[in-house]
Number of protein chains: 2
Amino acid sequence: MSNNDENKGEACHRSRCPVSCLLELIGDKWTLLVVRDLLFDKHTFKELQSSPEKIPTNILADRLKRLEHSGLVRREQYQERPKRYAYHLTEKGQDLNPVMESMILWSNKHIPETYKLEDILNLGSE
Amino acid sequence: MSNNDENKGEACHRSRCPVSCLLELIGDKWTLLVVRDLLFDKHTFKELQSSPEKIPTNILADRLKRLEHSGLVRREQYQERPKRYAYHLTEKGQDLNPVMESMILWSNKHIPETYKLEDILNLGSE
DNA sequence: CCACTTACTTCCATTTTGCAAGTGACTAGA
DNA sequence: TCTAGTCACTTGCAAAATGGAAGTAAGTGG
């Protein structure tokens with residue numbers, strides 16, 4: 001990361017459309033799954049890696065870096081020796097909750113067999 | 001559409017997570033922009049092509065096919081000679097509106113200079 | 001006939017993905 | 001001390017996806 005990269009949180013946008021701009025941050029098959037897991041109290045690399053969709057580790061590392069760079073996620077050391085890191089959503093990241101919720105509602109209506117919100121919470125505590 | 005195509009709207013999912021399943025349909029940088037345009041009354045290939053993000057034509061054709069295949073979009077001929085086609089959202093596709101709205105709210109809050117909903121509607125009528 | 005339009009398709013170099021294997025730092029046990 | 005194991009990644013590489021440009025098919029209008 002050079003100095004030039006840092007002054008703007010983001011690179012130049014394709015347009016000023018809010019949908020387009022958000023898609024530049026989360027527009028792919030994996031990023032929102034990471035956000036989902038962070039919302040549902042998974043915080044270490046290991047925990048994020050072990051989700052049922054089986055995200056490849058290089059993709060996970062990349063997405064965490066991007067999310068951190070775009071200010072949605074904060075990486076913090078939770079242990080000194082050996083050094084271990086945990087990832088947490090910033091407020092900006094947590095604000096994606098309504099997006100996530102509307103997506104869940106859509107899928108529950110249109111894709112049979114998808115887990116309801118309660119199912120997800122129950123699964124998490126098993 | 002044959003009977004065979006219909007029973008499988010989709011291939012096998014990565015998981016039964018509603019977020020993951022929806023991402024298999026719209027999880028990329030372009031698909032939701034097409035849905036956005038269809039929501040905002042753009043219906044021909046030409047119109048969709050001319051959005052400010054400048055989607056490549058091969059990607060647009062591919063995304064329209066996928067959206068049609070997953071039942072979010074319907075392709076219909078609106079003119080006989082020469083044959084011309086228009087794309088419209090099905091009810092399933094229109095139901096993505098709340099997702100779109102929550103995304104717009106997020107961007108308006110967190111990304112400066114993004115258009116508000118009114119701005120978008122005004123631009124459309126110019 | 002020629003230019004022009006719409007709705008795509010094809011070609012191909014570059015980029016991104018996805019899988020497997022490897023690395024570095026450390027701990028705990030024989 | 002040697003060995004195995006854990007966590008948090010990184011690296012290598014083949015395969016797939018993307019993006020830009022050019023081409024094509026089917027028409028219209030002059």
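Chain letters run A, B, ... following the sequence lines, proteins first and then strands; every chain starts at 1. These numbers were taken from a predicted model, which means no experiment stands behind them.
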Step by step, would you call B:Ser102 with A:Ser102 a side chain to side chain donor-acceptor pair (under 3.5 Å)?
CA-CA 8 Å; B:Ser102 60; A:Ser102 60; 3.2 Å; yes
In whole angstrom, give the distance that lies between atom CG of A:Asp28 and atom P of D:dA17.
14 Å
Among B:Asn108, B:Leu117, B:Ile111, side chain to side chain contact (heavy atoms under 4.5 Å, CB included) partner for A:Pro18:
B:Asn108
Counting distance only, does the side-chain N/O of B:Arg16 pair as donor-acceptor with the main-chain N or O of A:Glu113 below 3.5 Å?
yes
Reckon B:Tyr87 has a side-chain N or O less than 4.0 Å from the OP1 or OP2 of C:dC8?
yes
Listed nucleotide nearest any side-chain atom of A:Arg66, set C:dT27, D:dC9, C:dT17
C:dT17
Rounded to whole angstrom units, what separation is found between the CZ atom of A:Arg63 and the C1' atom of C:dG18?
11 Å
Which of these, B:Gln79, B:Glu80, B:Arg75, sits in a side-chain hydrogen bond (donor to acceptor under 3.5 Å, both in side chains) with B:Gln77?
B:Glu80
Nearest-Å distance, CH2 (A:Trp30) to C1' (D:dA17)?
15 Å
Pick the nucleotide of DNA chain D nearest each of A:Thr57 and A:Arg84; which residue has the one closer to the 5' end?
A:Arg84
Figure out the CD1/P separation between A:Ile55 and C:dT16, and round it to whole Å.
16 Å
Residues B:Ser15 and B:Cys21: closest non-hydrogen pair is O-SG, 3.4 Å
Counting only side-chain nitrogens and oxygens, does A:Arg75 get under 4.0 Å of the OP1 or OP2 atom of D:dC9?
yes
Grab the CD-P distance between A:Glu47 and D:dT6 for me, whole Å please.
16 Å
Atom pair distance, as rounded to whole Å: CD in B:Glu80 and P in D:dA26:
14 Å
Find the distance A:Lys29:NZ to D:dA17:C1' and express it as a whole number of Å.
10 Å
Using a 4.0 Å heavy-atom cut-off, does A:Lys65 contact any base of the nucleic acid, only the sugar-phosphate backbone, or nothing at all?
sugar-phosphate
Check the phosphate of C:dT6 against B:Tyr78, side-chain N and O only, distance under 4.0 Å to OP1 or OP2. Yes or no?
no
Pick base, sugar-phosphate or nothing for B:Asn58, based on heavy-atom distances below 4.0 Å to the nucleic acid.
base
Distance check needed: C:dA20 C1' versus A:Gln49 CD, whole Å only.
13 Å
Looking only at side-chain atoms of B:Lys46, point me to the closest of D:dT28, C:dG18, C:dT6.
C:dT6
